[in-house]
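One structure is given here, and the rest of the page talks about it.
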Amino acid sequence: MMKFDSTHGLLKENINDYQEVVTKLHQVIHEKTGAGNDYLGWVDWPLTYDKEEFDRIVKLAKKLESKAKVILVCGIGGSYLGARAAAEMIQGLYPDNGHELVYVGNTFSSTYLQQVLNHIKGKSVILNVISKSGTTTETALAFRILKQYMEETYGKEECKERIIATTDKARGTLKALADKEGYETFVIPDDIGGRYSVVTPVGLVPLALAGIDIQAIMDGFLQAYNDLNTADLNENPAYRYAVSRRILQNQGYDVEMFVAYEPQLRMLSEWWKQLLGESEGKEGKGILPDSAIFSTDLHSLGQFVQEGKKVLFETVLTVEKPTYDGVVPSDEENLDKMNYLAGKSLDWVNKMAFEGTLEAHVETGKVPNLIINLEDMKEYSFGYLCYFFFIATAMTCYMLDINPFNQPGVEVYKKNMFRLLGKPE
Ligand code: PA5
């Protein structure tokens with residue numbers, strides 16, 4: 001399903017030399033004995049997730065199918081990135097199935113919110129607010145404004161159907177508000193942190209509303225759980241990736257650029273950046289996660305990768321089968337001199353760009369490249385990929401003696417902002 005190739009990684013150590021440490025940490029993860037172990041709910045989530053709640057999500061999506069023309073997804077960070085990464089990967093950037101996902105509550109930008117309000121006017125809207133704490137300011141502020149828009153547009157009674165809250169099962173202001181207003185609620189499990197939560201109602205509710213097959217996501221997630229539940233480095237590509245990162249950082253590379261050749265994977269790289277960055281970037285340690293979409297960014301960042309300071313390695317996500325393909329047409333006049341490609345598939349051209357870039361960056365530029373190969377960009381593959389990166393993140397962080405499941409650093413800006421906003425204690 002997913003292959004990992006380190007042969008272009010310019011690794012100076014042998015991955016298999018880390019078998020002993022990986023075996024020990026595999027046990028730490030699965031027996032939940034490491035730092036942050038109260039947030040390891042995702043490890044056996046493929047087996048333990050609440051099937052009744054899952055069915056309730058599927059039924060809700062069916063019920064709202066004709067009303068969900070615009071689905072406002074109101075959340076930030078772990079309560080936002082996963083759904084967007086999945087939706088764009090699976091449906092592409094211009095889906096035409098009659099559902100449009102619009103993301104709010106992830107910025108304080110006044111212009112953005114006002115434009116969203118203009119954009120949704122006259123359209124049939126469903127609002128899914130997602131917040132574990134219920135107190136995240138970006139989300140709460142946007143929700144207050146959009147809730148008022150919804151009530152003015154549809155009336156309070158219909159809002160009971162059109163507004164859905166995904167939050168803590170018992171605590172928090174959002175849970176209390178949702179119960180009081182009579183909204184349908186879904187639970188964010190206590191033991192799964194934001195950046196590991198896309199396969200919970202956090203991601204599944206908006207994805208189901210957008211017409212995505214969430215059962216196939218869970219099936220892929222389960223398959224990866226089964227395939228990757230081994231400490232054997234010869235059998236576990238996620239652990240080979242985790243170890244390769246550590247080897248490359250030992251060689252002095254402090255930046256990892258996640259590269260994909262499909263624009264519909266741009267948000268997947270944003271999700272990946274949060275997963276790695278928030279899990280690993282603490283105690284003065286970690287690799288800075290960066291990202292690029294090639295060949296687009298070869299015309300901008302490509303120069304630095306090729307000839308700039310040797311601070312980065314690339315992790316390239318290649319995709320076997322594109323969502324759509326096409327053929328280069330021939331042209332009698334050939335004024336653009338492009339007939340040499342006539343009859344070739346567009347995806348083949350993209351793949352040749354990858355091959356040429358790999359050679360340029362590794363052979364000429366001496367930039368290490370790790371390659372992760374994915375079969376396609378469908379639901380099942382997304383589910384599989386999630387577990388792959390979750391387990392790889394846990395392993396790579398534990399190898400660095402880091403708690404992969406907390407994010408103490410994100411509170412600092414909030415404290416200062418609250419002081420400036422005059423928030424009461
Ligand atoms: O990973 C995390 O914990 C964060 O990115 C949170 O998901 C984000 O801050 C949103 O938090 P909440 O769901 O409480 O609104």
Side-chain angles (χ1 to χ4, degrees), residues 36 38-42 45 71-89 101-109 112-113 116 127-144 146 164-168 171-175 186-207 258 265-282 286 288-291 382 385-386 389-390 393-394 397 402-418 421 423:
D38 42 347
Y39 280 96
L40 275 164
W42 56 268
W45 187 245
I71 302 137
L72 292 174
V73 184
C74 187
I76 194 167
S79 290
Y80 147 70
L81 285 162
R84 188 162 183 181
E88 293 193 1
M89 170 170 161
L101 287 163
V102 175
Y103 303 91
V104 289
N106 56 47
T107 171
F108 286 123
S109 164
Y112 181 77
L113 192 55
V116 167
L127 170 57
N128 180 201
V129 56
I130 308 161
S131 178
K132 190 171 189 178
S133 62
T135 55
T136 302
T137 319
E138 289 89 338
T139 303
L141 191 55
F143 181 60
R144 171 180 281 218
L146 290 161
I164 303 145
T166 309
T167 187
D168 190 89
R171 281 166 300 173
T173 43
L174 180 56
K175 175 64 183 160
F186 292 94
V187 174
I188 306 182
D190 282 338
D191 56 355
I192 300 185
R195 56 193 177 275
Y196 297 83
S197 72
V198 58
V199 284
T200 74
V202 169
L204 298 181
V205 172
L207 293 172
F258 185 85
L265 297 179
R266 188 182 291 281
M267 287 309 297
L268 184 81
S269 45
E270 295 302 321
W271 171 83
W272 171 90
K273 279 196 294 211
Q274 187 202 7
L275 182 64
L276 269 303
E278 218 171 47
S279 298
E280 191 179 65
K282 51 196 78 148
L288 172 69
D290 186 19
S291 67
F382 179 79
L385 169 152
C386 282
F389 281 117
F390 289 168
T393 301
C397 290
I402 286 283
N403 174 353
F405 310 112
N406 63 359
Q407 54 283 329
V410 301
E411 295 310 314
V412 185
Y413 96 90
K414 292 184 192 168
K415 214 170 140 237
N416 294 344
M417 179 181 74
F418 291 149
L421 291 173
K423 186 181 180 189

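In what follows, residues are counted from 1 in the order of the sequence shown.
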Considering non-hydrogen atoms only, spot the tightest contact between [X] and [Y] and give its length.
{"X": "Gly75", "Y": "Asn106", "answer": "O-CB, 3.4 Å"}
{"X": "Phe382", "Y": "Ala85", "answer": "CE1-C, 4.4 Å"}
{"X": "Val199", "Y": "Trp45", "answer": "O-NE1, 3.0 Å"}
{"X": "Leu101", "Y": "Ala87", "answer": "CD1-CB, 3.4 Å"}

Query raised in the report: Between Lys415 and Glu411, is the closest basic N to carboxylate O distance under 4.0 Å?
Result: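 The answer is no: the pair does not qualify as a salt bridge.
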
Query raised in the report: So, Ser279 versus Tyr196: side-chain donor-acceptor pair below 3.5 Å or not?
Result: yes

Any donor-acceptor N/O pair, [X] side chain to [Y] backbone, under 3.5 Å:
{"X": "Lys132", "Y": "Ile192", "value": "yes"}
{"X": "Lys282", "Y": "Asn406", "value": "yes"}
{"X": "Thr136", "Y": "Thr139", "value": "no"}
{"X": "Thr166", "Y": "Asn128", "value": "no"}
{"X": "Thr167", "Y": "Ser131", "value": "yes"}

Requested in this report: State the CE-NZ distance between Met417 and Lys423, to the nearest 0.5 angstrom.
Outcome: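 So the gap between those two atoms works out to 8.0 Å.
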
Do [X] and [Y] come within less than 4.5 Å of each other through their side chains, counting heavy atoms only?
{"X": "Leu40", "Y": "Asp191", "answer": "no"}
{"X": "Phe186", "Y": "Thr200", "answer": "no"}
{"X": "Glu138", "Y": "Thr107", "answer": "no"}

Query raised in the report: Which class fits the ring pair Phe389 and Phe258: parallel under 30°, tilted 30 to 60°, perpendicular over 60°?
Result: perpendicular

Query raised in the report: Parallel, tilted or perpendicular: which describes the rings of Trp42 and Phe405, with under 30° parallel and over 60° perpendicular?
Result: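 Tilted, since the angle between the ring planes falls between 30° and 60°.
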
Query raised in the report: Counting heavy atoms not belonging to Tyr39, are there more than 12 under 6.0 Å from its OH?
Result: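 It does not: Tyr39 OH has 12 such atoms or fewer within range.
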
